[in-house]
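Each remark here refers to the structure printed beneath this line.
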Amino acid sequence: MKRYNPKEIEPKWQKYWDENGTYVANLDSDKPKYYGFGMFNYPSGAGIHLGHAKNFTIPDILMRYKRQQGFESYSPVGFDSFGLPAENYAIKTGQSPRKTTDDAIDSYRQQYRSMGWSMDWSKEIDTSKPEYYKWTQWCFLQLHKDGLAYQKESMQWWCDQCKTVLADEQVIAGKCWRHDSSDDPFVSKKSLHQWFFKITDYADEILEATDQLDWTPWVKTAQKNWIGRSEGASVKFKLEGLDADGGEIEVFTTAYDTIYGVTFMVLAPEHPLVATYAQHADNFQEVEEYVQTAIRKSDVDREKEKVKTGVPIEGLYAINPINNQKIPVWVADYVLMGYGTGAVMAVPGEDARDYEFAKKYNLPIIYTTEQQEFVDYSDIKSKPKNYKLANSNEFNGMNFSEAKPKILQKIVDEQIGESQVQYKLRDWLISRQRYWGAPIPVIHCSKCGAVPVPEKDLPVELPEINDYHPSGQASSPLAKVTDWVNVDCPECGKQAKRETDTMDGYVCSSWYQFRYLDPHNTDQAWKVDRADKWMPVDFYNGGDHATAHLLYARFFTRFFHNKGLVDTPEPFKQMYFHAKILASDGTFFSKSKGNGIDPLEVINSGYGADALRTYIMFIAPPDIESPWNNDGLPSCYRFINRVWTLVQEFNQSDDKENIKADEILKTVHKAIKKVTKDIEQIKYNTAVAAMMECVNGLYKIKETNLYADRQNWQFALESIVQLMAPFAPHAAEELWHDLGHEDTVHIDHWPEYDESYLAEDKLKLAVQVNGKVRAEIEVATGLTKEEIEKKALSQDNVVAHLDGRLPTKVIYVPNKLVSIVVK
RNA sequence: GGGCGAGUGGCGGAAUUGGUAUACGCGUUCGACUUAAAAUCGAAUGUCCAAAAGACGUGCGGGUUCAAGUCCCGCCUCGCCCACCA
C-alpha cells in the first residue's frame with residue numbers, strides 16, 4: 001500500500017501547481033472575485049518563523065476555500081523590503097542592501113512555497129524595486145499636488161540607534177518601535193526640517209467610518225483612540241499685570257461646563273508666551289530654570305513623573321471671561337504643548353490633575369457641582385454623570401446635561417470663545433534620514449523652493465553607494481553623493497539639489513493593496529477599473545501593526561477614492577487580527593532566548609507542511625494566544641494519515657457488494673456543514689475537529705461495512721478530501737488524484753451538504769428530576785409530547801427519585817430533555 | 001489610573017447562545033499486531049468510592065430559573081491596549 005510521505009508529495013504538487021499556474025488569478029475573470037492576504041513582511045536574513053506561518057496560513061485557508069467554491073480567488077504575494085536592518089547590515093559589512101535584500105527574498109520565496117500557500121507568484125511585488133517605488137513616489141506627488149504633503153521645521157522624535165526621526169506612532173512607551181527592549185534607550189527630540197502628510201485632514205472621515213468596519217473589535221477601538229477626537233471649546237482669557245495688559249491666552253477645554261470653577265491657569269513650559277511675559281516677572285530666574293529643565297526632559301520622562309511640579313509667573317494674571325475672576329498663571333510640565341493650545345484652564349474642584357496641583361501649591365478650589373464632598377483624587381474621577389451645577393451663577397441647580405450646551409452657547413454669544421474639535425492624531429512625519437527607502441521626489445531650488453520632480457522623471461532612483469553611514473548632522477548617506485544630489489531645477493533650470501531624505505517604510509505599505517492588482521503596469525500605478533472591481537480587500541489578516549499601518553492605508557485609500565482612482569473609500573472590508581503563538585512555557589518567542597520554532601525544520605523533520613498548517617490552526621482559535629506544543633504536532637499528521645489510509649484501502653478493497661451504509665452519508669454531510677460554517681467564521685480549530693470526528697466515524701463504519709457501499713464511500717472520501725484541501729493542500733491533491741480525478745481539487749471543488757441526511761430518526765433525551773439528570777431515553781422523532789413525557793416518567797431511576805410524589809410540573813424541551821419538578 | 005477581554009480535566013481547548021459540561025486532540029493506562037520496538041488499530045480516562053448507586057464539579061461568594069460555564073449583583077486573579085490629551 002502506498003504510504004503517506006509528505007517529503008515526496010509536497011514538492012511534487014508544489015511543482016505541479018507552479019507549472020500549471022493553479023493559483024494564478026485571472027483578474028479579468030467573470031467569476032465573482034475574492035481578494036485576501038496577510039500583511040506582507042520584511043524579508044530578514046533569519047528566514048520565516050511560526051508567526052509568518054500563522055500570518056499567511058490563516059488567509060490561505062480562506063482563499064483556498066473560496067477558490068474551491070468557485071470564486072476567482074486572488075492571494076497576492078510581496079515583500080516590504082525597504083528598511084533599516086538591511087541598511088544597518090550594510091553599515092557593518094559594506095554589503096549593499098540591494099544584494100542582501102535580494103538574497104533574503106530568494107530564500108523567502110523558497111520558504112513560502114514550502115508552506116504550500118496558494119500565492120500568485122506571477123504578480124509578486126517588492127517595494128524596494130524601482131518598478132514599485134516609482135509609484136510610491138507618484139503617490140507622494142499626488143498628495144503634494146493636493147497640499148497634503150508639506151514641509152515644516154519641528155521637534156521630532158529621534159532614535160539614536162536608527163539615526164533617524166520617527167513618527168509619533170512609531171514611538172512605543174517612549175522607545176523606538178524597532179528598539180523597544182529594556183536595555184534600549186528612550187527616544188529623544190531633535191528639531192529638523194521635515195516632510196509631513198496631512199493625515200489630520202482625514203481624521204474625521206476615517207473616524208466616522210470606523211464603526212461600520214467588519215474588523216476585530218479592539219483594533220477598531222485602537223484606531224479610534226489613536227485619532228482621539230474630543231469636542232470642546234476654545235476660550236480666550238485676557239491677561240493682566242507685568243507688561244501683559246491687552247494680551248490674551250487661548251485655552252482648549254472639553255469641560256467648559258466647569259468654567260466657573262477655574263482658579264488658575266497653567267501653561268506648558270514650551271508655550272511661547274511664557275518667555276514673552278516671564279522676563280518681566282520677579283521670579284524670572286526660577287521660571288527660566290524650570291522651563292529649561294522641563295524642555296530637556298523628554299515627554300516620556302515628564303509623563304513618568306508621579307508628582308506634579310510647576311512655578312507661578314509672579315505678577316501675571318488671567319481674567320476668567322465668564323465671571324471676570326482674576327486668577328494666577330502658572331507654568332507646569334503636566335501640560336503638553338503638543339495638544340490643544342498648550343494652555344489649560346485649571347478647575348481643581350472637578351479635575352483630578354488640577355486638584356493634585358492645587359493641593360500641592362495651596363491654590364484655591366471651587367466646586368461647581370452640588371456634591372462638594374469630593375476630597376481626593378479618586379472621588380473626583382468617579383464624579384457622577386448626572387450631577388447638578390453649583391457656584392455657577394445662573395446655571396446653579398441645573399443638570400449637567402442641560403447646562404453644558406447652555407454654557408457653550410453663552411461662551412459663543414458673548415464672543416469669549418467658540419466650539420472646537422481637537423484630535424490627538426498629528427500629521428504623519430514621513431522623512432527618514434536613511435538610504436534604504438524611497439527617495440522623496442523633490443528638488444530644492446534656491447529660487448523656486450521645493451519643486452516636485454515631474455512625473456515623467458520618475459522614478460528618482462537610489463544611486464549605488466559604498467559608504468552607508470549617515471552623513472553628519474542628521475542627514476541621509478545620500479547627502480554625500482554629490483553627482484546625484486546636484487541637479488537642475490525642473491522649473492527654472494538653475495542648479496539645485498535633490499531632497500536627500502527617504503520616505504518612511506509605512507508609505508510603501510499604504511498603497512500596496514492597489515499595486516497588487518496591476519503590478520506590471522508601467523504607465524500608471526494601477527488601472528482604475530481594476531481597482532473598482534477588486535477593491536476593497538475582502539479579507540486582510542495581521543498580527544502586528546494594529547494602529548499606524550491600518551490608519552495610513554485607510555488615509556491613502558480615502559485620498560485615492562476622493563481622486564476618483566477607486567470607487568471604495570475603505571481598503572479592507574474584513575480585517576482579522578490574530579494572536580501570537582507562544583513558546584511552550586507560555587512566554588513569547590524571542591531571538592535572545594533562542595526558543596523559536598523553525599517551520600522549515602518542522603516540515604523537513606518529516607511531518608510536512610500539511611500537518612504543520614493543520615496543527616497551527618488546530619491548537620486554538622486563531623485570535624487566541626496559545627502555547628506551541630511539540631507533542632501535539634503528530635496529531636494532525638495522524639489525521640491526514642488516517643484519511644490517506646482510508647483512500648488507499650478503499651482503492652485496493654475488492655468489496656464490490658454495494659451494501660448500503662447510510663450512516664456514511666450522515667457522518668459526511670454533518671462534517672460538510674460544520675466545516676463550511678467554521679471556515680467562514682475563521683473557527684479553524686473546530687473545523688479540524690469536525691473533520692477528525694468525521695474520519696473517526698468512517699473508521700467505525702469501516703469496521704462493520706468494510707468498503708462494501710462503493711458509491712457512498714467514493715462520495716465520502718471525495719468530500720473529506722475536498723474539506724481538508726484548504727488545510728492540507730498537498731495530501732488532498734494526491735488523494736484527489738488517487739480517487740480517480742485528473743483535474744486539481746483546488747479549483748471549483750467544494751462539497752455541498754444536504755440537510756435531509758442530517759435528520760435523526762431517533763433522539764436521545766435527558767430526563768431530569770429537579771434539575772438533575774436521572775435517566776436517558778431514546779425516542780422516535782414522531783412521538784408526541786405526551787408520549788415522551790409518559791416514557792420519561794416510567795423510567796426506573798425517575799420513579800425512584802420521585803419516591804411516590806406527583807410531579808408538580810413537567811417541561812419538555814424538544815430534541816433536548818424532559819425536566820420533571822417535584823416538591 | 002482608564003478601556004477591553006479572559007479564568008472550564010494533568011495540558012491545548014469544545015459547548016447549537018439558558019437545555020445531558022469537558023467535543024476534538026495531547027498525555028496516561030490497558031489490549032491487538034510484532035521475536036521486540038516503532039508505526040498502526042481498538043478500549044478506558046473530571047474528582048471521591050472496589051464497583052454500582054450517589055455526591056461533588058466550569059476562579060470565589062451570593063441571586064434569578066424547572067434548568068446557569070452561559071444571565072444579574074459583589075469580589076479575586078491574569079492578559080492586552082491606552083495612559084497627565086485638559
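Proteins come first, then strands; the chains are lettered A, B, ... in the order of their sequence lines, and each starts at number 1.
- If you check every strand for non-hydrogen atoms under 4.0 Å, A:K702 touches nothing.
- Using a 4.0 Å heavy-atom cutoff across all strands shown, A:A255 reaches sugar-phosphate atoms only and no base atom.
- Rounded to whole Å, the C1' atom of B:C78 lies 42 Å from the corresponding atom of B:C41.
- Contact of A:K816 with B:U16 (side chain to base): a donor-acceptor pair of N or O atoms is detected under 3.5 Å.
- Between A:R774 and B:A67 there is no side-chain N or O to OP1 or OP2 distance below 4.0 Å.
- The side chain of A:K700 contributes an N or O atom lying less than 4.0 Å from OP1 or OP2 of B:A43.
- When heavy atoms are screened at a 4.0 angstrom cut-off, A:K764 is found touching base atoms of the nucleic acid.
- For B:C56, the OP1/OP2 oxygens have a side-chain nitrogen or oxygen of A:K772 closer than 4.0 Å.
- Residue A:Y699 is classed as a sugar-phosphate contact, given heavy-atom separations below 4.0 Å to backbone atoms only.
- Residue A:D354 is out of contact with every strand shown, counting any heavy-atom pair closer than 4.0 Å.
- Taking side-chain N and O atoms only, A:R638 has a distance below 4.0 Å to OP1 or OP2 of B:C26.
- A:S819 comes within contact range of at least one nucleobase, with a heavy-atom separation under 4.0 Å.
- The shortest non-hydrogen separation linking A:Y339 to A:Y423 is CE1-O, 3.6 Å.
- No engagement by A:P217 is indicated, since no non-hydrogen atom pair under 4.0 Å with the nucleic acid exists.
- Nucleic acid contact for A:Q422: none, since no nucleic acid atom lies under 4.0 Å from a heavy atom of the residue.
- Under 4.0 angstrom from either OP1 or OP2 of B:A23 there lies no side-chain N or O belonging to A:N685.
- Listed pair A:N797 / B:G54 meets the phosphate criterion, a side-chain N or O lying under 4.0 Å from OP1 or OP2.
- At the heavy-atom level, A:N629 lies under 4.0 Å from the strands shown only through sugar-phosphate atoms.
- Considering only the side chain of A:T686, B:A23 comes nearest among B:A23, B:A86, B:C24.
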### Task
Check step by step if side chain to side chain donor-acceptor pair (under 3.5 Å) holds for A:T309 and A:Y290.
CA-CA 9 Å; A:T309 58; A:Y290 182 80; 2.9 Å; yes
